[in-house]
Amino acid sequence: MSICIIDYGLGNLASIRNMIRKAGGKSEISSDPTVIAAAEKLILPGVGHFAAGMENILKSGLLPVLHEAVLERKTPILGICLGMQLMAGHSEEGDVAGLGWFDADIIRFRQEDMGNLKVPHMGWNEVKPAKAHALFPNVDEPERFYFVHSYHIRCNNPEDVLATAHYGYDFTCAVSRKNIAGMQFHPEKSHRFGMGMMERFIQWQP
Amino acid sequence: MLKIRIIPVLTFNGFALVKTKQFGNPRMVGNPIQAARVFNSRNVDELVFTDITATYSGRKINLPFVKEVIDECFMPVTIGGGIRSLEDINDLLKIGADKVLVKNLAISDRNFIAQGARMFGAQCISVAIDARKTGSGSWELYRKTPTGLDAVEFARMVEQEGAGEIVLTSVDRDGMMHGFDTDLVNSVLEAVNIPVVAVGGGGSPDHFLELFQKTNVKAAGASAIFYFTQFTSYDIKKKLGDHGFPARFMAAGN
């Protein structure tokens with residue numbers, strides 16, 4: 001099993017590789033199209049500004065490589081944080097288009113609904129699975145993960161919602177459809193819950 | 001519901017962990033890599049790890065050494081010390097830091113926070129504000145040389161520039177272990193809308209309870225309590241949980 005962590009110049013790649021190793025998997029950090037095309041699984045990481053993320057993907061020439069791997073060969077892929085957000089069709093952050101793998105928008109936490117809560121949403125929060133899925137086998141038991149973000153996804157297809165969390169209001173914090181999954185939180189930074197998630201991703205056969 | 005964060009804030013001098021009192025009297029307290037391993041096994045919420053002598057000694061933080069520390073951490077890590085350029089931030093993020101803690105450059109170069117936030121995202125730019133009480137309800141932004149700046153004003157300013165978080169340390173309470181400066185915390189919380197980590201003075205679980213009862217802060221940092229007492233972050237959270245605060249409990253070990 002080889003997992004390719006896609007390097008497009010943004011994100012905490014070393015931590016993801018570290019957690020995959022701890023969870024018993026093998027991974028490689030790469031921006032090489034042939035490595036990405038040959039990988040059995042992909043991780044799209046990313047931290048930072050949405051527009052900068054899309055710009056880097058376009059500049060690196062990886063867009064057709066990603067589309068082909070994910071949409072045609074159905075390689076299982078996990079997006080983390082900005083990597084998940086990039087899978088949406090559009091983001092308010094920079095007002096730019098994303099990869100469009102989910103019919104969804106990335107919107108800023110609506111301050112008017114937040115009371116005196118601070119943005120970014122930073123820290124440990126409970127994640128509630130919204131549907132039965134190999135990545136969330138315990139539908140009844142909320143797990144805790146580490147979050148740090150100011151924007152979140154809003155799906156237009158309710159069946160794409162994999163899990164929700166509450167911060168000011170309930171928001172979608174994980175999405176999935178077929179071979180594509182994405183998480184706003186950081187499994188690589190979430191101790192044993194994160195390790196459990198990574199183990200399930202390694203096992204995942206969509 | 002978002003959990004309260006309890007964060008060990010570890011300072012080192014390039015080689016060993018040191019603990020100061022009111023920012024002076026550094027005392028050797030152990031090995032950073034071992035400490036990271038212990039805090040990881042205790043499932044702490046986050047770690048802040050700062051080289052407090054890098055800037056003043058005019059050297060860069062030791063990246064291979066810090067990487068060894070980060071590799072022990074399966075939780076978010078903030079790294080500070082000796083940051084002088086955007087490239088320094090990039091280097092730290094590359095070896096696995098989740099956030100960087102900027103202090104001196106935030107004071108001397110008013111554009112730096114904005115540039116860092118634009119390039120790497122506000123969420124990974126934390127600013128260290130060390131505040132020394134100068135009178136009732138006023139605190140000066142502290143560094144080795146006097147700044148003459150008001151700490152609360154400075155907090156407001158770094159938020160506008162795009163800082164994602166403030167690590168707020170009371171210089172007067174540092175290492176004293178007799179409780180947090182809740183007035184300082186409240187003054188900064190009123191001024192800004194970004195998360196604040198309150199540091200300085202936590203010497204027992206009761207001090208943390210007092211902090212969360214008297215202020216609306218969601219994160220507290222400490223170090224002396226972990227070095228010099230039998231209390232762990234679990235004891236602190238147990239106390240908070242018993243009083244109805246949302247804390248994240250996890251048995252030790254993973």
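In what follows, every heavy atom counts, from backbone to side chain, and hydrogens, waters and symmetry copies are set aside. Every chain is numbered from 1, with letters handed out A, B, ... down the list of sequences. From a predicted model like this one, the values you see are computed outputs, not experimental measurements.
By the neighbour-count criterion of 12 heavy atoms within 6.0 Å, atom CZ of A:Arg154 is sparsely surrounded, having that number or fewer from other residues, nucleotides or ligands. For B:Met119, the CE atom counts as loosely surrounded, since its 6.0 Å shell holds 12 or fewer non-hydrogen atoms of other residues, nucleotides or ligands.
By the 4.5 Å heavy-atom criterion applied to side chains, B:Gln123 and A:His149 are not counted as neighbours. For the pair B:Val196 and A:Lys118, the minimum side-chain heavy-atom distance is 4.5 Å or more. For the pair B:Pro76/A:Phe147, no side-chain contact is recorded, criterion being any heavy-atom separation below 4.5 Å from C-beta on. Taking the side chain as every heavy atom from C-beta outward, B:Met75 and A:His191 approach each other to under 4.5 Å.
Of the residues considered (A:His121, A:Met122, A:His166, A:His49), A:Met122 shows the highest number of contacts with chain B, using heavy-atom pairs under 4.5 Å. Interface check for chain B: of the options A:Ser15, A:Pro120, A:Gly168, the most heavy-atom pairs under 4.5 Å are formed by A:Pro120. Annotation: maximal heavy-atom pairing with chain B below 4.5 Å, among A:Leu13, A:Asn125, A:Val47, occurs at A:Asn125. Of the residues considered (B:Ala117, B:Pro195, B:Pro246, B:Gly121), B:Pro195 shows the highest number of contacts with chain A, using heavy-atom pairs under 4.5 Å.
Contact residues of residues 81-99 of chain B toward chain A are B:Leu93, B:Lys94, B:Ile95, B:Gly96, B:Ala97, B:Asp98, B:Lys99 (heavy-atom distance under 4.5 Å).
Checked by atom type and distance alone, the side chain of A:Trp124 never pairs as donor or acceptor with a backbone atom of B:Arg5 at under 3.5 Å.
Neither the backbone nor the side chain of B:Val197 has a heavy atom closer than 4.5 Å to any heavy atom of chain A.
The minimum heavy-atom distance linking A:Asn18 with B:Phe74 is given by the pair O-CE2, 3.7 Å. Residues A:Val119 and B:Ile194 share a closest heavy-atom pair of O-CG2, 4.0 Å.
Atom NZ in A:Lys22 sits 11.0 Å away from atom CG in B:Asp71 (nearest 0.5 Å).
Partners of B:Thr215 according to the side chain to side chain contact (heavy atoms under 4.5 Å, CB included) rule, which considers only residues two or more places apart in sequence or in another chain, are B:Thr182, B:Val185, B:Asn186, B:Leu189, B:Leu211, B:Val217.
Here B:Lys3 pairs with A:Glu126 in a salt bridge; the nearest charged N to carboxylate O distance falls below 4.0 Å.
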